[in-house]
Each structure stands twice: as C-alpha cells, then as structure tokens.
Number of protein chains: 2
Amino acid sequence: MEQTLTISIQDYLKHIYELTDRGAPASTNALAERLKIKPASVTGMIQKLAASNPPLVEYQKHQGVTLTKDGKKAALEVIRHHRLLEAWLVQTLGYSWDEVHEEAERLEHVISEDFERRIAAAMGHPLRDPHGELIPTADLKMPLDDSTPLSALRPNQTGTIQCVKAADDELLRHLESLGITPGASIEVKEYSSYDHNLTVKVGKKTSVLGLNITSKIFVEES
Amino acid sequence: MEQTLTISIQDYLKHIYELTDRGAPASTNALAERLKIKPASVTGMIQKLAASNPPLVEYQKHQGVTLTKDGKKAALEVIRHHRLLEAWLVQTLGYSWDEVHEEAERLEHVISEDFERRIAAAMGHPLRDPHGELIPTADLKMPLDDSTPLSALRPNQTGTIQCVKAADDELLRHLESLGITPGASIEVKEYSSYDHNLTVKVGKKTSVLGLNITSKIFVEES
DNA sequence: ACAATAATTTAGTCTTACCTAAATTTTATT
DNA sequence: AATAAAATTTAGGTAAGACTAAATTATTGT
C-alpha cells in the first residue's frame, strides 16, 4: 500500500538553483539524475514551470534551464529552511552533522514561515549551517561572503576550514574523525601530480586526500 | 502553479481512528466531511485500504469502516507524532496552545522515528499534550487513563480540568482567557434546561458556557 | 565537414486520486 | 409494510506526473 510520491516544485527549483550556481544553465540530464527521474519527465515539468504565472524558470529548448527572479526566491526559501533546520537539529536535538541532511530534507517543505522565524530567532540568526554553508537571509538573499573568497584546498595553503560541501554521510563521519570540520585550522602540504592527492595536516593528524574529497573542502586563507 | 495535493493514507487512518473511538464504525459521509472530499472518493480509497496487504481497515458495504490492528498502529503512530510535536512546539519554541495544531498537522507526516525519540526524550516522555490529550506510548498503545474516568462537564461538579478537545483556534484563545486550561480547578454550578447552558467558576471568573463548549471540556472529579 | 554519438524532446501510455451523476441500498416515517 | 428520504456505491471522466520508445537536435572526433 504505497502512495504515489511526486517531486515537489520546490525540489525542482532547489536543484536547479544548485546546478546553476556557477552561472551556466542546468541540463535536463543533470536535473533528471539528481531527481532520480527520467529526462523526458524533467522536460515536461520544466515546460510547465516556464509557462506558469509567474514563470519560475527561463527555458529554451536544448539550452538548459535557469531560474527567474521568482523561481530563485522560491529556491532560496527552501534552502533557508533546509540550512536553518540543519543548524537547529544539531543545536537543540543533538544530531550530528552527518545525520541532519535527510531529516531537514523532509521538514524543509512543510514548516511555516512562523516556524522559520522562531528557530532563526532562537539560534540568534546564524550565518552558516553545520557544514559551513551560508544561510540565505530572511529577505531571501544569499549573504555576500565578505570575507576572503573561499577556495577549495590548494597546495601550500594555511587557513581555517569554512565549509565542507559533502552529501555522503559516511564521508562526513570520516572527515570528522580526521578533524576536518568547519572552524578547524588546516595546513595543506604537498601535492602528488601522479595520483592527484593532497597531504593535509589538521591538529596532530596528517591525512592524504584525493581530489574527490579536496574539491569539497573550502578554506579561508590566513 | 499549484501541485495536486492528495490526502495521505495516514490522514485517512487518523480520522478513522478518531471517528471510531467510541466503538462504532465510521461512516463514509462523516469521513468525507472531515477530509473535505466527496463521499464517493472516500468509498474508493477505503476499498483500497481494505484490500491492501496487510489490510489497514475492515470494511463492509454500507456498514462503515473500522481499523484493523495494522491500521490502528499506523494511526497511533501519527497521533503520537502529532501530540509530541504539539508539546514540543509549546515547550521549546514558545507556541501557544491555539497555534500548535496547524503546524503539527504538517510536521506529523514527515518526522523520522529518530526525531520522535529525540523530542520525546528531551521532554521526559510526557503523558499528555498541551490540550491534555493522552500521547500514545512508544510501543503504540494508548495509555489507559488510570485516573477516575473523565467526563464532560456536568452540573454540580468540582474538579480539575484534564483535557480541552477543541479544534477551533479562536475558541481556544477564548477559553484560555477564561482560565479554562488543563490543570485548572473548576466548579460547575447551575444548569439551565431552557437554553442548555452551564455556569462554571474557574478562579475568580464565572462564565456561562453552551453545550457546544462544555462537551469539549473534560474534568477529573475531586 | 561529416559521421557517429550523446542529449533532448515529442508523442503517447499508465496510474492515482480525485470528481460528477446515476443507481442502489439502508433507514426513517407513517 | 410501503414509501420517502438519506446514505452509500458504482460507473465513467479528468488532470497530474511519472513512464517508454521514437524522433529530433547538438556535440564530438576524425
């Protein structure tokens, strides 16, 4: 006895937002993969989102899709919910940073604006979630990162970890065990061009990390 | 741009549970009215719930519907979620008892068992929600009310208010302003058989209440 | 520039959960 | 017990959002 579960518009917009954050439009295939549905279904829904009033996406055949102003607002609303919830679950219910994602993923769609305001206020309007991701402000703008622009790990770098953009829970637990969490001081040492590994030192621990990992760790240089 | 919203199985079961709490099966019409859909649609869904594996409801044409053991468990699960959430929202986010229902109504369907355990533990496993309703236990049994059985308000009664089963937010605010909340001591005075009103005294306030209200207030006599 | 390949869209199908209207069954009244 | 009224079910329709397969358009490598 299972009920049809269809992907919410919020989820479409959220994933388009994430796929387009470097400016380029999101492709049908990329969206389909993320949403775990077939590309043909994505095309269908995108055409509706583009034809809706107000239009939520900008769409040209074969050229991919971007968000309109309205679509972006709706996306930032959900992202704000998600990141506030992650912070709140960690702070008030003792979740660890690898456990929060799934729970927030479900809650983000159903909480009221009132609930959002209450948890934001209760936490003193935090700037970042437990992974270090910026939380969109109440007026739905992504805060400009006024600090030194973040960069993924680079050789011969010393600084503070700002953000760990990993989705995989197991990886998050692994990184935590290495001391790699937002706020930690990190020293990046040698780079092996042979196997694309970086050696990093956090506290007393030295680890060798592959590109698949280092590309997800963002540091503010000091 | 609105998305089809269909009633969850959990909601069907929850409402059947509430309609059958005095033993009698729930009628198609009563369910339809609660769920705000047409009776014909209810019939259709009920037939599926009865044919599912395992069957969630017992159903005989024209005789109404009751929950099977599995259906009852599923219903108690949602009701536990709902009531724990109401208590949680009041205790940790400063919601008032008239604000919690709507929020809990949406959250109850998406929280994990882990979330449920965490808030229950954080509150010390409360027995009742902010309206005084009993919270089903973790093993999904409705706790037997071992105190004197509750009764709706009756003339010439003195006792403590246990439970206020009102759904209407405005009414709840009104009752609160009269001091009528769980835990308050109440004295029921005269009954007017002419207009079916009861006079009650709570603290220093004396109020005259109609049957539509008094039937929702439950007292443990002292 | 031209195939070959990959990405995308179109067309048409399926399922689900609602709807309306008509038919049927139950309940209430005399 | 017969009939009127109310409740319920059946039958058939609709819209949404997924799917598959086939057609089309873009991209890539030589």
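Within every chain, numbering begins at 1; the chains are lettered A, B, ... in the order of the sequence lines, protein sequences first and strands thereafter. Keep in mind that what you see is a predicted model, and the values were worked out from it rather than measured.
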> Phosphate oxygens OP1/OP2 of dT10(C): is one of them under 4.0 Å from a side-chain N or O of Lys61(A)?
Replying inline: yes

>> What is the distance, to the nearest angstrom, from the CG atom on Leu31(B) to the P atom on dT9(D)?
In response: 11 Å

>> Using OP1 and OP2 only, check whether a side-chain N or O of Tyr12(B) sits under 4.0 Å from dC18(C).
In response: yes

> Centre of Phe218(A)'s six-membered ring, under 6.0 Å away, within 45 degrees of the axis: is that where NZ or CZ of Lys165(A) sits?
Replying inline: yes

> From dT9(D), dT20(D), dG17(D), pick the nucleotide closest to the side chain of Gln47(B)?
Replying inline: dT9(D)

> Any side-chain N or O of Thr43(A) less than 4.0 Å from the OP1 or OP2 oxygen of dT9(C)?
Replying inline: yes

>> Under 4.0 Å between a side-chain nitrogen and a carboxylate oxygen: does that hold for Arg106(A) and Glu103(A)?
In response: yes

> Contact class for Thr6(A) vs. all strands (heavy atom < 4.0 Å): base, sugar-phosphate, or nothing?
Replying inline: sugar-phosphate

> Which whole-number value in Å describes the distance from Glu2(A) CD to dG17(D) P?
Replying inline: 20 Å

> How close or far is atom P of dT20(D) from atom NZ of Lys38(A), stated in whole angstroms?
Replying inline: 5 Å

>> Just N and O in the side chain of Ser41(A): are any of them under 4.0 Å from OP1 or OP2 of dC19(D)?
In response: yes

> So, Arg83(A) and Glu108(A), do they make that salt bridge, N to O below 4.0 Å?
Replying inline: no

>> Does this structure show an ion pair linking Lys69(A) with Glu58(A), if we count only N-O contacts that are shorter than 4.0 Å?
In response: no

>> On DNA chain D, does the nearest nucleotide to Gln63(B) precede the nearest nucleotide to Leu5(A) from the 5' side, or the other way round? Give the residue.
In response: Gln63(B)

Show me the protein contacts with nucleotides 2-7 of chain C, counting only N or O atoms at under 3.5 Å.
none

> Separation of Ile9(A) atom CD1 from dG17(D) atom C1', in whole Å?
Replying inline: 11 Å

>> For dA17(C) and Gln3(A) - does any side-chain N or O of the residue sit under 4.0 Å from the phosphate oxygens OP1/OP2?
In response: yes

>> Which nucleotide wins on minimum distance to the side chain of Lys48(A), given the candidates dA16(D), dC18(C), dC19(C)?
In response: dA16(D)

> Expressed in angstrom and rounded to an integer, what is the separation of Gln60(B) atom CD from dT9(D) atom C1'?
Replying inline: 15 Å

>> With nearest nucleotide decided by heavy atoms, which residue, Met1(A) or Ala40(A), maps closer to the 5′ end of DNA chain C?
In response: Ala40(A)

>> Nearest whole Å is fine: how far is dC19(C) P from Met45(B) CE?
In response: 11 Å

> Under 4.0 Å between a side-chain N or O of Tyr59(A) and OP1 or OP2 of dT8(C)?
Replying inline: no

> Between His101(A) and His82(A), does the ring centre distance come in under 6.0 Å?
Replying inline: yes

> With distance as the sole test, does Thr20(A) use its side chain to make a donor-acceptor pair with the main-chain N or O of Gly23(A) at under 3.5 Å?
Replying inline: no

> Of the non-hydrogen atoms in Tyr12(B) and Ser41(B), which two are nearest, and what is the gap between them?
Replying inline: OH-O, 4.4 Å

>> From CG of Leu35(B) over to P of dA17(C), roughly how many Å is that when rounded to an integer?
In response: 13 Å

> Are Arg80(A) and Glu116(A) ion-paired here, with the side-chain N under 4.0 Å from a carboxylate O?
Replying inline: yes

